[in-house]
J.: 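This is the structure I want to talk about, given as structure tokens.
Reminder, nothing fancy here: chain letters follow the sequence lines and each chain counts from 1.
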Amino acid sequence: MKARRLHPKLWVLANPSSNRARAFTSSARGLGWHVEVIPYADYLAGLLGIADRLGEGDVLRIDSPGEDFDVARGLLKAGIERRAAEGAAPLSVAQIDRLEYSPGEMLRPRQWYLGYCELLSRLACELRAGLPVRLMAHPEDIPTLFDKPACQARWQASGLPVPRSWAGLSTYDEIRDRFRDCERRRLFVKLAHGYSAMGAVALEWQGSRMRAITATRLCGQGDRERLYMSNRVRVLHDESEIAALVDALGRECVIVEDWLPKARLDSRAFDLRVLVIAGRACHAVGRTSDSPFCNLNLGGQRASARQVQERLGGFWPRALELCERAAGCFPRSFYVGVDLLVSPNLRSGALLEANAFGDYLPGLRHDGLDVYETQLLALSAPAEPAPCST
Amino acid sequence: MFTEHATEFGGFKVVEFENARNWRGPLNAYRVHAEFEDTDFFDKLEALASSPGARELAALVVGAWDGSCEGTASTALVEWLVKNASRLPQLRALFLGDIVYEECELSWIKQTDMGPLLAAFPQLESLRVRGSDGLAFSRVNHAALRSLIVESGGLPRDVLRQIFQCELPNLEHFEVLLGDPGYGWDGDVEDLQPLLSGRLYPRLRRLGLKDSEIEDDIAAAVVNSPLVKRIEMLDLSQGNLTARGARSLLSLPNDGTLKRVDISFHYVPNDVVEELRAGLPCELIADDPQDPNDEFRSILHAE
């Protein structure tokens, strides 16, 4: 049996060339940590185990598997069985092997998600059988964090405010029929497993007219149908075009929720991203926008925590508290990025989503430290290593 | 798409007015709007008009009024303004409909007859209106109005005709977005003849015929018109102007009256822009060039 290390090592499961992995390992090494990166590609291929390399008290950081097309392929393959079990026709191994990288393409998000869950489940098993280590993101939490309906359900069950949502709607016709006779005229359809407004469509009906605001595009038809994420928000008016887009998203699992109005900062709508680390709200950034999407990659602009704090006034502490409680629903995860919407009257909020890898906030400082420094210093604080299973 | 609210209006900085605590004296342009499901929009207007010094308020911006984003026309808003005109005797600049696309689709904004409004505010110098559905300018005879701006994604020719029947002896600045047939524009360049003939608005000096899908035809009609002889600023931006329209502008009068031409957001190739810049005796603004080979050549606001 390996003895507990005097100086714990920090293991990072990531794509080594990704911006996140490089930024994190550089910060960690700068603070004196001994860091080793375990490439997702190797882990997926079964070339490396994890648990048998970790020493007691070591730290494992699971980072995003994005920014690597081969890994994406590997995850799609890992998701074949689970996707087929759902009654859908997954991309086969042969089809996956023939795939070519196309920038912005959203490739089978549901199959990808199921494949990632498969990997995480394998990892969780391994860790359960191994020595106690400290985890920065828990492999049993990540699937829920990546699943909007499940995450919101957990929050709602804890009494936390979330936008109202409607289950069981997965086609445009179902959605339109459900709301045909209602006053409700604004809805958000989002991929269950998306992030950064990927696959998000804001729908609005007014009498016989409708529109959809989105940066997601559908190209091709039938077998050749592909979903793309662009960086430009457009307004669609043609109902059949909108229906085709919504249907394509619905096939990959969506959440249908209320399109809530947001408070404004200097006349722009904004939401708040708060990074909760070890239970405490740390880095916070406002994201302002002139579209229904506040994501920075869609033209959202950062507003400092101080600007947001000034704007929210008395609601600021409550906003942070909501985010801490939201992260608290995932107590085994060392950090969670929480997105919060504040109502225009600044008196209430709604939790929009949680991000398992929502700590990639370059340049953002809190108490003088960037996100990684804050995490790493919190890790260094003396603590018993928590076993990974509950 | 209109994506930003006005930050300045009537020469004043725009200040959001939610309640009396936001009042900072009459030397600001206050902005009042209703949030989704807000029930106190008219209370806000009341509070504004009751503020100490409101009698000196010069500029007012109304954003999304109560129900505006759900199909409610500006009728009740205009009625309130007309009824309370005596409480705002110094109001010189009014913007009805400072609404961005995220709040409401441009062509879904419903307006009303501006005739009674103008009659109730005889001292008004500047009116800016966004939204053309239901818009009217009936029986307008207004001596003080100097600036009129009408914005939409498609202006019905009927409304244009009504505007041209308005008696506006002191109008110096007229700007209209003509728009796209898909969104209400059902006219052609002939409908601009009453204006281009020079018979109307004797003091008109700044003209904007913008956001048009017949921008080339408009350019050609303008250069030969009696009106253009007295125009100092000409704005043909936001439409689908091509090389043809740009070249026709070379025939603009060069006696020094015209000071500036703006064709921003256009489909004119760079070399033709430079040809125009060299050939015009005045300043040319040609920002935001679009792809001349774009077969769709959509105008800026067509929604």
J.: Find the one option among A:Asp290, A:Asp266, A:Asn345 whose heavy-atom pairs under 4.5 Å with chain B are most numerous.
T.: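 When all of A:Asp290, A:Asp266, A:Asn345 are compared, A:Asp290 has the most.
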
J.: Check A:Arg264 with B:Glu102, please: is the shortest side-chain N to carboxylate O separation under 4.0 Å?
T.: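 Between A:Arg264 and B:Glu102 there is a salt bridge, with a charged N closer than 4.0 Å to a carboxylate O.
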
J.: Report the distance from atom OG of A:Ser343 to atom CD of B:Glu35, rounding to the nearest 0.5 Å.
T.: 9.0 Å

J.: Might you confirm whether atom CD of A:Gln156 has over 12 heavy atoms from other residues, nucleotides or ligands at distances under 6.0 Å?
T.: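 Counting neighbours around CD of A:Gln156, 12 or fewer heavy atoms of other residues, nucleotides or ligands fall under 6.0 Å, so no.
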
J.: Quick one: what part of B:Glu105 sits under 4.5 Å from any heavy atom of chain A, side chain, backbone, both or neither?
T.: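 Both parts, backbone and side chain.
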
J.: From B:Glu70 CD over to A:Arg185 CZ, what is the distance, rounded to the nearest 0.5 angstrom?
T.: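 Nearest 0.5 Å value for the CD-CZ distance: 4.5 Å.
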
J.: For the CD atom of B:Glu103 and the CD atom of A:Glu204, what is their distance to the nearest 0.5 Å?
T.: 10.5 Å

J.: Is the number of heavy atoms from other residues, nucleotides or ligands within 6.0 Å of OH (B:Tyr30) greater than 12?
T.: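 Yes.
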
J.: Is it true that atom CZ of A:Arg232 has more than 12 heavy atoms of other residues, nucleotides or ligands lying nearer than 6.0 Å?
T.: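 No - once you tally the heavy atoms of other residues, nucleotides and ligands closer than 6.0 Å, there are 12 at most.
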
J.: Rounded to the nearest 0.5 Å, how far apart are OG of B:Ser107 and CZ of A:Arg211?
T.: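 B:Ser107 atom OG to A:Arg211 atom CZ measures 9.0 Å (nearest 0.5 Å).
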
J.: Got a donor-acceptor contact below 3.5 angstrom from the B:Glu303 side chain to the A:His237 backbone?
T.: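 Side chain of B:Glu303 to backbone of A:His237, a donor-acceptor pair under 3.5 Å: no, none is there.
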
J.: Write down the atom of A:Arg209, the atom of B:Asp133, and the distance for their closest heavy-atom approach.
T.: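 Between these two residues, the closest heavy atoms are NH2-OD2, 4.3 Å.
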
